[in-house]
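Worksheet for the structure shown next.
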Amino acid sequence: MTISSPKRTANSQPHAVCSRKLRVAAGTVFLLVASATNPSWAQLKPGQSDQFAGETCTLTLGPGVAPASKEAHWRLNTANRTLTQGVSELKPANQLHSSNTGGDAERSFVIKTPEVKPDVTLEVDLFLHFGDPLAETRHPLRLHSPDCFVNIRQTLSDAGIALYDPAGITEDALEKTGLTPNVVTSLKRVDTEAIIVIGESIAWDKRIVKAVEQWVSDGKWVIVLRPADESTWPMQTSAADGVKLAFTTITNSRWYPKQLDFDFWSSHNEHARGWELQVSNNQLRMTPVIGPQVWQLAEYQSRENHGGCLFVGVPLISRWNESPVPREFLTHIFLQTLTHPPQDQ
């Protein structure tokens, strides 16, 4: 369910416009527009279009935005109605390194978002200025409930989810959102569960590779989250098992909700995180990397086209509390495994 205010296409950049009505004088229409090069106009850094509802959210100004004021005046509107508003202090976006960046340090401020029902995504407009209402700019946002699994929790419980997570961080994140998978301490303990999740930030080894291939062959879906940086996945092992591996970016994938902000994944780094193919000891391997041209996802299926495996190259759990985007992404992945059969590749 979505409550809509003015529509915009996914991943479109906010544009600065004056919130005042057009003035008509002597047959001439004057529209006050913001200059992209004016540091006093409020522009946000890309990748922040999705925010949590009912939370205090931190927003970062775009590069080069250096207002003289130390305060951000903001309000959240929908359907010509103000939901919340306030004045927040502008602070360095990264307190730890701000002393090294001088006057060019990015600035952040906080907003308080209204609560929404768990099954609602609320589209709102953020209006922002630094003390001059004539310089107010508009930024469309989507507010999501932190409880991302509310509509599929029972379905997932009925299907069964097993989680192998020696690091423990994936289990903790899922349980805090009300999802309680069967946490297995041994790869041999997986039983009737239809979905198996390999936790984030763990080191891959031969046991995991063999177990995943066996689960897929048995008709299960396996979701492999981004591993420890030194991990690699031997590609020829999959080929010998009769599976086809397909690499893709999230922007072109059925696994990623089209309405989510793609820029979130590159908002903290110059380059994106994902997968790359490398040759080591005459063996082709998939490895997690950070680079300008990477695949965020890799997928393969069993020869019988029943089970499948999705390798997620972007960090979901380590960014779980930054934005609704990782949670909504994982929710959509679960939905795809439950409601859509594997695709021929």
Side-chain angles (χ1 to χ4, degrees), residues 161-170 183-191 193-250 252-256 265 271-318 329-330 333 336-337 342-345:
I161 299 179
L163 171 65
Y164 179 70
D165 183 38
I169 61 172
T170 303
V183 181
V184 296
T185 57
S186 169
L187 296 170
K188 298 180 180 180
R189 296 289 181 89
V190 175
D191 190 11
E193 293 85 3
I195 302 173
I196 300 101
V197 178
I198 303 298
E200 190 168 290
S201 299
I202 68 175
W204 289 340
D205 57 27
K206 293 181 179 180
R207 296 179 304 110
I208 292 178
V209 174
K210 291 182 179 180
V212 168
E213 292 175 347
Q214 183 60 55
W215 293 329
V216 173
S217 179
D218 291 341
K220 299 180 183 293
W221 266 102
V222 185
I223 301 168
V224 182
L225 302 184
R226 186 179 175 92
D229 289 342
E230 67 275 9
S231 298
T232 62
W233 194 275
M235 301 303 299
Q236 55 265 55
T237 303
S238 297
D241 195 42
V243 299
K244 300 178 181 178
L245 187 65
F247 290 88
T248 185
T249 61
I250 56 176
N252 298 315
S253 171
R254 68 187 176 104
W255 296 101
Y256 194 80
W265 300 109
H271 300 309
R273 296 174 184 265
W275 305 116
E276 186 176 78
L277 293 177
Q278 298 179 354
V279 177
S280 176
N281 296 325
N282 296 319
Q283 189 174 44
L284 185 64
R285 294 178 174 268
M286 179 178 67
T287 184
V289 295
I290 302 175
Q293 294 181 337
V294 296
W295 295 293
Q296 286 93 17
L297 300 173
E299 176 185 359
Y300 80 83
Q301 300 162 197
S302 68
R303 184 182 306 169
E304 296 79 12
N305 205 30
H306 297 304
C309 179
L310 179 71
F311 297 89
V312 182
V314 293
L316 299 184
I317 305 304
S318 63
F329 187 11
L330 184 57
I333 289 174
Q336 290 292 305
T337 61
Q343 293 181 340
D344 292 326
Q345 299 182 30

Could you work out, with salt bridge (charged side-chain N to carboxylate O under 4.0 Å, His left out) as the rule, every residue matching Arg189, not counting sequence neighbours? none
Hey, could you give me the OG1/CD1 distance between Thr248 and Ile250, rounded to the nearest 0.5 Å? 9.5 Å
Closest non-hydrogen atom pair between Leu316 and Phe329, with its separation: CD2-CD2, 3.6 Å
Any idea which heavy atoms bring Thr287 and Gln278 closest together, and the distance? CG2-CD, 3.2 Å
Shortest non-hydrogen pair, Arg273 vs Ile290, comes out as NH1-CD1, 3.2 Å
Check: Arg285 side chain, Trp233 main-chain N or O, donor-acceptor pair, under 3.5 Å: no
Less than 4.5 Å apart, any side-chain heavy atom of Leu163 and any of Val184? no
When rounded to the nearest 0.5 Å, the distance separating CD1 of Ile161 from CD of Glu193 is 9.5 Å
Side chain to side chain contact (heavy atoms under 4.5 Å, CB included) between Tyr300 and Glu213, worked out: CA-CA 10 Å; Tyr300 80 83; Glu213 292 175 347; 3.5 Å; yes
For Ser253 and Leu297, work out which heavy atoms get closest and say how close. OG-CD1, 3.3 Å
With side chain to side chain contact (heavy atoms under 4.5 Å, CB included) as the test, pick out the partner of Ile208 among Val222, Leu187, Val224. Leu187
Min side-chain heavy-atom separation Glu299-Trp255 under 4.5 Å: yes
Let's go through Trp215 and Ile198 carefully: what are the C-alpha distance in whole Å and the side-chain angles of both, what is the deciding distance for side chain to side chain contact (heavy atoms under 4.5 Å, CB included) to 0.1 Å, and is it a yes or a no? CA-CA 12 Å; Trp215 293 329; Ile198 303 298; 3.9 Å; yes
Closest heavy-atom pair and its distance - Ala228, Pro288: O-CG, 3.8 Å
From CG (Leu225) to CG (Asp165), nearest 0.5 Å: 8.5 Å
For residues Trp221 and Leu310, report the shortest heavy-atom separation together with the two atoms involved. CZ3-N, 4.3 Å
If we only count heavy atoms from C-beta on, is the Met286 to Thr232 side-chain gap below 4.5 Å? no
Can a salt bridge be assigned to the pair Asp218 and Lys220 using a cut-off of 4.0 Å between side-chain N and carboxylate O? no
Exam field: side chain Asn281 to backbone Gln283, donor-acceptor pair closer than 3.5 Å: no
May I ask you to decide if Ile169's main-chain N or O and Glu200's side chain share a donor-acceptor pair within less than 3.5 Å? no
Find the distance between OG1 (Thr249) and CH2 (Trp295) and round it off to the nearest 0.5 Å. 10.5 Å
OG1 of Thr185 to OH of Tyr164: how many Å apart, nearest 0.5 Å? 8.5 Å
Parallel, tilted or perpendicular: which one describes the rings of Trp275 and Trp204, with boundaries at 30° and 60°? parallel
